[in-house]
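Worksheet for the structure shown next.
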Amino acid sequence: MSPLTYPMVIGNHRPPVNPDRALEVRSPLSGDLLGLVSDATPAEVHDAVSAAQHGFDETWRYATGSQRAQLMHRLADLIDMHADELGGLETADNGKLLRETTMQARFAARNYRFFAGIADKLTGRTIPMDNLSTFDYTLREPVGVAALITAWNSPMQLLANKLAPALAAGNCVVVKPSELAPRSTIRLAELIEEAGFPPGVFNVITGGHQAGAALTADARLGLISFTGSVATGQAIAATAAKNLVPVTLELGGKSPNIIFDDANLDRAVIGAVAGIFAASGQTCIAGSRLLVQSNVYDEVVEHVTERARTIRVGDPALDTTQMGPAANMAQHKRILSMIEVGLSSGAKLACGGGAVRDPELPDGLFIEPTVFVDVDPASRIAQEEIFGPVLSIIRFDTEADAISIANGTEFGLAAGIWTESLSRAHRVARELLAGMVWVNTYRSSAAQAPFGGVKKSGYGRERGLEAIDPYLRTKNVMVDLSDSVRDPFSIQT
Ligand code: NAD
C-alpha cells in the first residue's frame, strides 16, 4: 500500500506530493512510515509567499477586527472538537504523551480565543500636540505576511503562540512546521478552511532547512517568527538582516530549578521531576539544572532519583505511560552522546545513563530517565541544552551562590524557585536572568502570560498582550488644521 501523503497548502492549491522527492515522517515508537510530505522547492516557497501577499492585499486586510475574531472563535471550537485527532497525529509524529498533546490542542484553542478577544481592540492613540492646530493620531496596521517556523516538539502549541496574534492583527501567514512532525499543522489547515478563513490567509510549506532558508530570505515578509535551536535562530536572524525583516526568536534553554532549604520538599521534588522528565525533557523550558541547597541536598537527591527510577517509559498513547521516546533518531543520538559526555567527564550517575533495553519496546527510541549528581556548574552537561530526560543536580550553599549559578549559562529562558519565604521568592525572582520565573510551580503556562527568553534563549514574547506587538506596525498621521500657508524652509512643529 502506498504511504499517505500530506500536501502543502499554497493559496487555493494543494500541490500533490511527489513521492520521488518527498520527505518521510516516521514513528519514534516503531520506526514505521507515517506519511510523506513535500520538500518545498524555492519556487513553491515563493508561490506560498505570493499567495499570502495576494490574500492580504485582496481580502484579509479589509476584514474587520470582529470578523477576524469570529473566525478565530470558530477555529478554536473546531480545534476543541478535534483535539483527540490532532493530539493523536502529534503523538504519532513526535512520541509525546497523548494526554499532553491532546491538552496542548485545547491549550492552543484557548490561545486563539484569547487573541480573538484582542482583534477588535487594536486601537491607536490620539496624541496631544504642542501646536493646537495640529491633529495627530496613530494607526496600528498589520505587517502583511508573516513567516512562522516551528520545531517538532509541540507543533500545534508553538504555532498557536504565533498564529493567534498574527491573525488577530490581520496578517496572512506562511507556516513551515518541522519536517519531523508536520502532520498536525497540515490537518489544522483543513480546520482553518472549514472555519471560513479566506484562501491565502494560511499557507503551509513543508521541508527542511532549505525550504526554511528560502522562506526566511524572502524580502516581502513583514515578520519572521521562529521557534527552534539557537544555531538556526542565528542563521535566520542573519538572513533576515539582509532584508531588514524583523524577527522574533524562541530558542533553547538550560533552565535552573532552585530548591531552597525552606521549601516544601514534597512539592519541590515533584516540581523537579516534572521539570525534566515530562515530555522526556524535550521542551525548551525543561528544568535541566536542579540547584539544591546543601542542608537538604542529600534528601532531595534521594527522592528525585527514587522517583526517576520508577517512571513508566513506554507507548505514549497509553494512559499508564509517563515518559515516551525521544522524538527522532537524531535526537536519540544526541541525548545518548551528551550522557556519554557526562560520564566521561566524571560526573556521578545516580540513575539511568543509556537507552532503554526492553524486549517489549524493541524499536522505540527510548532513553532512561537519567540523573547526574554533584555536577560541576561549569561542565558541559550543566551548560549545554540536551533536550532529553537528563538532569544535572548541582549543590549550592547561599542564596547568592544559587543566583550566580542559575545565571551562569548562555541561556535565559525559564527558572523555578522553591521556597516558603515570600521575601526570598520575590528577591530571587528579580535577580534571575530569565524571561519566565515560576515560584513553587514549574512548567505552568497560560494564554495571558508572556512567554520568551533573554540572552541566547532569544527575544520577543509570545502569549499575553505583548505578543501582538511584533505583528503590528505603528503609523503616525499628522494633520494641519490651520489652513494657513507656511514658510517652506522651516520645520513645522
Ligand atoms: P531546529 O532549529 O533544527 O528546527 C526548527 C525549525 O527550523 C524546523 O522547522 C526546521 O526545519 C527549520 N529550519 C532548519 N534550518 C533552517 C534554516 N536555515 N532556515 C529556516 N528554517 C530552518 O530545531 P528543532 O530541532 O526542530 O527543535 C529543537 C530546538 O527548539 C531546541 O533547541 C529547543 O530548545 C527549541 N525550542 C524552543 C522553544 C521555545 O519556545 N523557546 C520551544 C520548543 C523548542
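Both ligands and their constituent atoms are indexed starting at 1 by order of listing.
Among protein heavy atoms, the minimum distance from atom 23 (O) of ligand 1 is reached at Ser229 N, 3.4 Å. Here the protein heavy atom with the shortest distance to atom 22 (C) of ligand 1 is Thr232 CG2, 3.4 Å. Closest protein heavy atom to atom 20 (C) of ligand 1: Gly212 C, 3.2 Å. Nearest non-hydrogen protein atom to atom 34 (O) of ligand 1 is Glu385 OE2, 2.6 Å. For atom 41 (N) of ligand 1, the nearest non-hydrogen atom of the protein is Leu251 O, 2.7 Å. Considering only non-hydrogen protein atoms, atom 33 (C) of ligand 1 sits nearest to Phe387 CE1, 3.2 Å. In terms of protein heavy-atom proximity, atom 7 (O) of ligand 1 is closest to Phe226 CE1, 3.2 Å.
Atoms of ligand 1 found under 4.0 Å from any heavy atom of Thr227 (numbered from 1 in listed order, with element): 5 (C), 36 (N), 37 (C), 38 (C), 39 (C), 40 (O), 42 (C), 43 (C), 44 (C). Remark: ligand 1 atoms within the under-4.0 Å shell around heavy atoms of Ile236 are 19 (N), 20 (C), 21 (N). Per-residue contacts place Phe451 under 4.0 angstrom from the following atoms of ligand 1 (heavy atoms of the residue considered): 40 (O). Listed by number with element, the atoms of ligand 1 under 4.0 angstrom from any heavy atom of Leu158 are 42 (C), 43 (C). Taking a cut-off of under 4.0 Å to the non-hydrogen atoms of Leu413, the atoms of ligand 1 that pass are 41 (N). Distances below 4.0 Å separate heavy atoms of Asn153 from the following atoms of ligand 1: 43 (C), 44 (C). Residue Gly252 has at least one heavy-atom neighbour below 4.0 Å for each of these atoms of ligand 1: 34 (O).
With respect to the salt-bridge test (charged N to carboxylate O, under 4.0 angstrom), the residues Arg183 and Asp93 qualify. A salt bridge does not link Arg334 with Glu385: every distance from a Lys NZ or Arg NE/NH1/NH2 to an Asp or Glu carboxylate oxygen is 4.0 Å or more. The pair Lys176-Glu179 meets the salt-bridge criterion, since a charged nitrogen lies less than 4.0 angstrom from a carboxylate oxygen. Remark: Lys162 engages Glu462 in a salt bridge, criterion side-chain N to carboxylate O under 4.0 Å. Salt bridge absent: Arg312 and Asp319 never bring a charged side-chain N and a carboxylate O closer than 4.0 Å. Looking at Glu100 and Arg443, a side-chain N of the basic residue comes within less than 4.0 Å of a carboxylate O on the acidic one, giving a salt bridge.
If you look at Thr150 next to ligand 1, the close heavy atoms, those under 4.0 Å, all belong to the backbone. Of all the heavy atoms of Glu462, none lies under 4.0 Å from any atom of ligand 1, so neither backbone nor side chain is involved. With a 4.0 Å cut-off on non-hydrogen atoms, Pro177 touches ligand 1 through its backbone and not its side chain. Residue Ile285 does not touch ligand 1, judged by heavy-atom distances below 4.0 Å. Neither the backbone nor the side chain of Thr239 has any atom closer than 4.0 Å to an atom of ligand 1 (non-hydrogen atoms only). Only side-chain heavy atoms of Ile149 come within less than 4.0 Å of ligand 1; its backbone N, CA, C and O stay farther off.
Residue Ala268 comes nearest to Ile259 through the heavy atom pair CB-CD1, 3.8 Å, listed as atom of the first residue, atom of the second, then distance. The two residues Phe197 and Met72 come nearest to each other via the heavy atoms CZ-N, 3.8 Å. The two residues Leu97 and Gly324 make their nearest non-hydrogen contact at CD2-N, 4.0 Å. Listed here is the closest heavy atom pair of Ala105 and Ile79: O-CG2, 3.3 Å.
Contact annotation: Ala330 has no heavy atom less than 4.0 Å from any atom of ligand 1.
Contact annotation for atom 25 (O) of ligand 1: protein present (non-hydrogen atoms, distance under 4.0 Å).
On a distance-only criterion, Trp152 and ligand 1 share at least one N/O pair closer than 3.5 Å. Polar contact check, Glu179 against ligand 1: a nitrogen or oxygen pair lies under 3.5 Å apart.
Residues Phe202 and Trp60 keep their aromatic ring centres 6.0 Å or farther apart.
Between the choices Cys284, Gly228, Ala151, the shortest heavy-atom distance to atom 35 (C) of ligand 1 belongs to Gly228. Here atom 12 (C) of ligand 1 lies nearest to Lys176 when heavy atoms of His209, Met436, Lys176 are compared.
For the pair Val37 and Val17, the minimum side-chain heavy-atom distance is 4.5 Å or more. Using a 4.5 Å cut-off on side-chain heavy atoms (C-beta onward), Glu90 and Pro155 make contact.
Annotation: side chain to side chain donor-acceptor pair (under 3.5 Å) contacts involving residues 203-212, sequence neighbours excluded, are absent.
Once rounded to the nearest 0.5 Å, the distance linking CE of Met156 with CD of Gln104 reads 6.5 Å.
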